[in-house]
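Below is one structure; the comments refer to it alone.
Proteins come first, then strands; the chains are lettered A, B, ... in the order of their sequence lines, and each starts at number 1. Everything quoted here is computed from the prediction, not taken from an experiment.
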2 protein chains.
Amino acid sequence: MVETYVFGHKSPDSDTITSSIVMAYLENEMGNSEAKAYRLGNINKETEFILNYLGIDAPELLESIEDGADVILVDHNSPAESIDNLENANILKVVDHHKLVLETSYPLFLRFEPVGCTETILCKLYEENGVEITKEIATLMLSAIISDTLLLKSPTTTEDDKVAVKKLSQIAEVDAEEYGLEMLKAGTDLSSFSIEEILSLDAKQIDFKDVKSIVNQVNTADISEVMVMKDELEDGMNKIIEEEGLDLFMLLITDIVNSNSQVIALGNSAGLVEKAYNVILKDNTVLLEGVVSRKKQVVPIMTENA
Amino acid sequence: MVETYVFGHKSPDSDTITSSIVMAYLENEMGNSEAKAYRLGNINKETEFILNYLGIDAPELLESIEDGADVILVDHNSPAESIDNLENANILKVVDHHKLVLETSYPLFLRFEPVGCTETILCKLYEENGVEITKEIATLMLSAIISDTLLLKSPTTTEDDKVAVKKLSQIAEVDAEEYGLEMLKAGTDLSSFSIEEILSLDAKQIDFKDVKSIVNQVNTADISEVMVMKDELEDGMNKIIEEEGLDLFMLLITDIVNSNSQVIALGNSAGLVEKAYNVILKDNTVLLEGVVSRKKQVVPIMTENA
């Protein structure tokens with residue numbers, strides 16, 4: 001029987017999936033609880049690359065938990081991004097690098113640091129608790145840090161992330177640059193996805209003050225390859241706007257090689273993008289130069305201008 | 001110029017004051033920031049005993065901070081218990097052992113553990129970061145753990161608190177039992193306080209669902225010594241109930257030697273105490289046997305029955 005459910009956010013990315021595995025392993029090694037990693041949605045291509053590289057299975061899909069179940073959250077703390085009945089769970093621990101929105105009626109273990117990736121924090125937790133970082137664990141950690149920081153080039157990157165990458169590359173015995181670029185490129189392969197799937201791959205519900213929004217980010221090595229689908233993408237976005245009653249849907253098509261993002265913005269509040277970045281949308285789209293981080297370069301500036 | 005303000009909650013207790021000093025010292029030793037400890041209210045008798053024992057001054061009183069100031073919160077995370085203009089501050093870190101109520105619009109450093117005392121967490125942070133725990137720092141930490149756990153007898157006590165007390169006693173070169181009892185007794189001396197002061201010494205605003213309440217706790221070595229003031233205490237409580245529009249004022253008079261609490265309960269929702277503990281108030285008061293912890297033995301049971 002599973003005693004503790006460990007999971008990251010919906011629309012799982014590589015940090016969420018690897019952190020679930022790495023955190024569950026840590027719990028078990030420390031003898032804290034019988035912990036098992038789960039996922040709340042489909043694995044993306046980049047994560048698939050990582051798991052295939054290591055020859056390990058994806059965590060099981062978790063659709064609901066019983067009331068009172070013990071859970072550990074990684075890489076998120078917002079109930080909106082978590083399992084649907086989180087309010088009835090007993091949250092034992094949270095390890096995360098996002099802003100704080102969770103409320104609890106009881107004290108719990110929290111480890112948050114404003115670093116680029118949850119795995120950077122987990123790397124410290126292993127060290128602090130004297131748990132050996134195996135080659136496999138190191139590869140999982142390293143992959144997620146490369147993913148979240150776009151090979152340490154994103155403005156979310158901190159000194160701690162750099163230190164972790166250096167250390168983990170050695171344990172994992174991989175060239176971070178070479179492996180990382182291959183991994184990131186694997187994540188940009190959209191060929192097998194429907195429009196609906198592309199629009200939910202890395203979609204986050206974020207309210208910029210009163211502006212109810214979804215910001216979806218898709219990585220690519222070539223923006224034009226994604227823009228050929230612009231009409232279909234817009235149809236899909238408009239459908240979601242209507243269904244969810246959104247004021248804004250931002251699709252960020254992020255060029256991981258040149259570190260820019262083409263944004264497609266739809267909804268009654270699309271003008272907020274123009275105001276926030278001092279740009280003019282043409283046919284609902286514009287290039288945001290140097291913008292690669294939703295957390296650092298979208299959320300604060302959009303919130304400020306909302 | 002002060003770069004980082006470090007402070008605990010209003011109505012400061014020994015954990016809040018010592019943790020502010022110990023956290024500021026850690027920040028400075030780690031070279032993270034020029035940090036300085038502050039207090040948000042008057043020092044209680046127990047804390048005075050600790051500071052006198054060490055021959056050190058109380059932190060400066062902090063009445064407000066400038067907008068955008070860098071702050072570190074210890075032993076609390078509720079804006080209601082913090083400095084009034086906290087919403088305009090830049091919270092760098094929070095080290096705490098209470099339930100989670102804070103929200104932020106940015107990622108930050110959080111270290112929460114469900115242990116008996118903030119100092120137990122700080123003791124780990126010193127070790128993890130290789131900062132030496134001096135004799136003075138050890139005495140501050142030890143004193144707070146003894147205070148919060150009532151010499152490791154409160155149900156809030158965890159294994160981590162016990163481990164810390166053992167280790168810190170050695171560094172501080174004190175007999176924890178002997179020093180601790182003397183310290184706790186010093187905290188029960190109410191002779192110099194007015195009724196108004198007694199009622200605000202360790203008062204927390206806590207809403208049990210919709211029941212707007214204040215729960216104040218006063219430690220004593222002899223309940224009857226406090227109960228001789230019952231009429232004056234009730235007058236003072238009724239005045240606060242009216243001024244603050246409270247539904248309930250609970251005064252817990254906690255016998256630190258025998259581990260019981262006499263409660264005086266006033267307000268329209270005083271019946272909630274009878275329901276929660278299955279007792280009958282006589283002249284607004286009753287002995288709650290074995291109850292010493294507001295956090296573990298009052299907040300959950302009162303909330304559940306509200």
Practice prompt. Name all residues meeting the side chain to side chain contact (heavy atoms under 4.5 Å, CB included) criterion together with A/P79; count only those two or more places apart in sequence or in a different chain, and write none if there are none.
Written response: A/L86, A/V101, A/L102

Practice prompt. Measure the shortest side-chain to side-chain distance between B/F112 and A/P107 over non-hydrogen atoms and say whether it is less than 4.5 angstrom.
Written response: no

At a cut-off of 3.5 Å, what donor and acceptor atoms pair up between chain A and chain B?
unit_1, atom_1, unit_2, atom_2, d
A/L100, N, B/T104, OG1, 3.0
A/L100, O, B/T104, N, 2.9
A/T104, N, B/L100, O, 2.9
A/T104, OG1, B/L100, N, 3.0
A/L110, N, B/F112, O, 2.8
A/L110, O, B/F112, N, 3.0
A/F112, N, B/L110, O, 3.0
A/F112, O, B/L110, N, 2.8

